[in-house]
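One structure is given below, encoded as structure tokens.
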Amino acid sequence: MASRTIVVQPFDLVIVGATGDLARRKLLPALFQRDRAGQIPPGARIIGAARRTMDTAAFRAEADIAIGPAAPTPEERARFLARLVYVHLDATGEAGWKELAHLLHASRAIRVFYLATGPELFAPLCEGLARHGLAKDARVVVEKPIGRDLESAMAVNAAIGAVFPERAIYRIDHYLGKETVQNLMALRFANALFEPVWNSAHIDHVQITVAETLGVEGRAGYYDTAGALRDMVQNHMLQLLCLTAMEPPTSLDADAVRDEKLKVLKALVPLDAASVAERSVRGQYRAGAGDGGPVPGYREEVGRETRTETFAALRAEIANWRWAGVPFFLRTGKRLPQRISEIVVAFRPVPHNAFGQGAGLVLPNRLAIRLQPDESIDLWLMIKDPGPGGMRLRQVALNMSFDRAFGVRNPDAYERLLMDVVRGNQTLFMRRDEVEAAWRWIDPILAAWDASGEPPRPYTAGTWGPAGSVALIERSGRTWFEDGSFEDATGSPEAAHG
Ligand code: BG6
């Protein structure tokens with residue numbers, strides 16, 4: 001099925017940190033794909049800026065490698081590479097600013113600065129942009145980590161906000177650019193079926209799992225200062241929780257959606273020192289299996305003793321009319337057995353079993369929204385086992401696999417998000433108050449973990465995290481849905497009618 005391509009307005013996109021990992025792995029390939037799709041207008045420029053001294057020809061050669069061999073025609077490659085310009089820029093010094101200003105001043109195109117740098121450079125870069133008269137009417141894009149706690153996040157936001165108005169600031173959470181995450185909104189608000197049962201009267205609990213098989217992959221320097229809670233929960237997982245739990249927005253207007261997400265974040269029940277022990281678990285992987293063979297433990301990868309968690313599981317609750325009493329179990333970790341990201345909405349059991357013992361269990365319905373690796377939506381229902389022999393029940397999934405249904409290449413999240421910046425659409429970007437509200441919930445958990453003096457619990461690479469994670473959910477009479485065991489899992493022992 002052909003996708004609709006809307007050509008955007010001409011733009012100048014300056015990638016600061018253009019020689020770094022993010023630009024190479026994500027930004028340049030995403031822009032190339034959009035160019036191939038015909039979405040980037042003639043004359044649009046991509047200006048790479050970084051501290052490394054090199055010329056445009058060298059930058060284009062690096063970009064040529066970065067965009068990979070994705071079977072494009074030589075013309076497509078050449079057209080894309082011709083858009084690239086390189087400026088040697090010193091974020092904290094004087095080098096390159098005049099040249100950058102010179103390149104941009106004559107242009108009337110939409111101007112975007114993507115700060116693909118460490119957060120310590122956000123403030124000097126914004127200040128440099130203002131000083132050289134480049135910030136007016138421009139948009140700025142920043143990525144996490146936006147701070148490492150509420151206080152530092154507020155400082156980062158204040159530094160950016162001193163130069164750019166909120167309507168020009170695009171805080172990326174790449175999970176919001178994933179197709180299935182956007183589909184969650186379509187599923188909830190473009191279908192009449194779900195909304196009436198989307199509440200505590202009908203939903204028993206929600207599980208959100210983001211499991212990775214990879215370890216820290218040479219990112220130990222950053223990761224060891226962050227850990228799973230800061231790296232995944234504060235941003236991606238809380239965003240998934242917000243989209244699952246928010247009230248229907250009046251429109252998809254950026255502030256309408258973000259206002260609703262903010263209300264969810266503010267309604268999260270704070271975990272304090274007393275509840276954190278019961279409602280959170282952190283783990284760190286030890287040597288085990290992964291990548292098809294033995295893999296070292298996290299400590300060996302970091303090269304020293306460390307208490308950073310590579311796994312976190314939490315029980316969150318939302319204190320509002322819709323969700324009171326419905327636990328949201330969140331779980332994420334590195335070096336788990338499977339790469340799988342999934343939101344599972346577990347419904348309550350039927351109030352009465354009319355089928356009797358012989359028919360088998362009447363399992364509660366479940367809606368599984370899978371983000372990766374294979375994007376799909378499964379609605380698990382009870383049906384009669386086909387054939388004669390009486391009434392026997394069995395659970396089957398109504399399955400909507402995106403791959404099978406549409407057969408199109410699924411764009412990387414960055415493709416969508418970069419084009420949204422150019423279009424001026426902030427719906428899939430986090431507003432300042434959202435980021436800060438998320439930290440407000442995360443900070444006490446971090447503080448309680450620190451204060452406990454206990455190290456994260458060990459788990460063997462290639463397993464589903466420490467045993468405490470199973471205990472965390474089982475204390476409430478439920479179990480984690482894991483792929484494979486999924487079809488047989490009852491979810492809640494007392495939730496099935498036998
Ligand atoms: C990033 C984290 O934001 O998301 C990484 O910093 C993590 O640690 C990654 O691996 C996961 O993203 P995805 O799109 O591969 O699920």
Side-chain angles (χ1 to χ4, degrees), residues 17 20-27 29-30 33 114-119 141-148 153 156 170-184 208-243 282-285 290-291 295 298 301-302 306 308-312 330-343 369-376 402 409-418 428-430 434-435 438-439 442 456 461 465 483:
D21 191 53
L22 180 67
R24 194 177 58 246
R25 281 192 313 111
K26 294 289 184 186
L27 307 182
Q33 291 301 342
Y114 197 123
L115 309 188
T117 65
V141 188
V142 290
E143 286 251 358
K144 71 168 232 291
I146 297 177
R148 47 176 288 105
V156 172
Y170 291 73
R171 295 180 192 82
I172 284 210
D173 183 313
H174 80 278
Y175 265 58
L176 294 181
K178 289 184 190 274
E179 277 292 312
T180 339
V181 176
Q182 295 168 59
N183 236 312
L184 187 54
I208 304 179
T209 296
V210 177
E212 298 184 273
T213 51
L214 296 176
V216 284
E217 309 302 299
R219 291 167 72 228
Y222 149 73
Y223 193 87
D224 203 49
T225 64
L229 198 66
R230 290 188 176 96
D231 186 51
M232 296 296 288
V233 180
Q234 188 273 340
N235 36 76
H236 308 324
M237 297 198 70
L238 286 185
Q239 286 293 320
L240 297 182
L241 177 142
C242 284
L243 290 174
R282 59 189 169 138
Q284 189 188 79
Y285 62 82
D291 302 335
V295 292
Y298 179 70
E301 286 184 76
V302 175
T306 160
T308 300
E309 80 285 357
T310 60
F311 176 96
L330 312 181
R331 165 176 76 151
T332 184
K334 300 217 179 268
R335 287 278 185 238
L336 301 186
Q338 253 186 306
R339 176 171 185 252
I340 183 167
S341 299
E342 194 167 65
I343 302 168
I369 300 142
R370 183 171 293 184
L371 281 56
Q372 49 202 29
D374 43 338
E375 303 182 297
S376 62
F402 287 74
R409 184 188 74 86
N410 233 337
D412 185 78
Y414 281 91
E415 294 181 41
R416 163 77 198 247
L417 295 175
L418 281 164
L428 297 178
F429 295 83
M430 291 179 299
E434 273 183 89
V435 174
W439 278 119
I442 292 289
D483 200 48

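Read the numbers this way: they start at 1 and go in the same order the structure lists the ligands and their atoms.
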[atom]: nearest protein contact (heavy atom, Å):
atom	value
atom 1 (C) of ligand 1	K144 NZ, 3.5 Å
atom 14 (O) of ligand 1	K178 NZ, 2.6 Å
atom 6 (O) of ligand 1	D231 OD1, 2.6 Å
atom 12 (O) of ligand 1	H174 NE2, 3.2 Å
atom 11 (C) of ligand 1	E212 OE2, 3.6 Å

Check your understanding: Near Q372, which atoms of ligand 1 are under 4.0 Å from a heavy atom of that residue?
Key ->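 Near Q372, the atoms of ligand 1 are 13 (P), 16 (O).
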Practice item. Below 4.0 angstrom from a heavy atom of K334, which ligand 1 atoms are there? Numbered from 1 as shown, please. Key: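 Under 4.0 Å from K334, ligand 1 has these atoms: 5 (C), 7 (C), 8 (O), 10 (O).
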Point to revise | ligand 1 versus R339: contacting region, heavy-atom distance under 4.0 Å | key: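 Near ligand 1, R339 shows its side chain, while the N, CA, C and O stay back.
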Ligand 1 to [X] polar contact by distance, N or O atoms, under 3.5 Å:
X	value
Y222	no
Y223	no
S341	no

Review point. Should K178 and D173 count as an ion pair when the cut-off is N to O under 4.0 Å?
Key: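 Salt bridge between K178 and D173, a charged N being under 4.0 Å from a carboxylate O: no.
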Review point. side-chain hydrogen bond (donor to acceptor under 3.5 Å, both in side chains) with Y298: which of D224, T306, T310?
Key: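 Only one option passes, and that is D224.
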Check your understanding: Just checking, is any N or O donor in the side chain of E342 or T209 under 3.5 Å from an acceptor N or O on the other one?
Key ->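 The answer is no; no qualifying pair exists.
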Please check if the side chain of [X] supplies one atom and the backbone of [Y] the other of a donor-acceptor pair under 3.5 Å.
X	Y	result
R339	E212	no
R171	M430	yes
E309	L229	yes
E415	D412	yes

Point to revise | Least distance between heavy atoms, V295 atom then A461 atom | key: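 Here V295 and A461 meet closest at CG2-CB, 3.6 Å.
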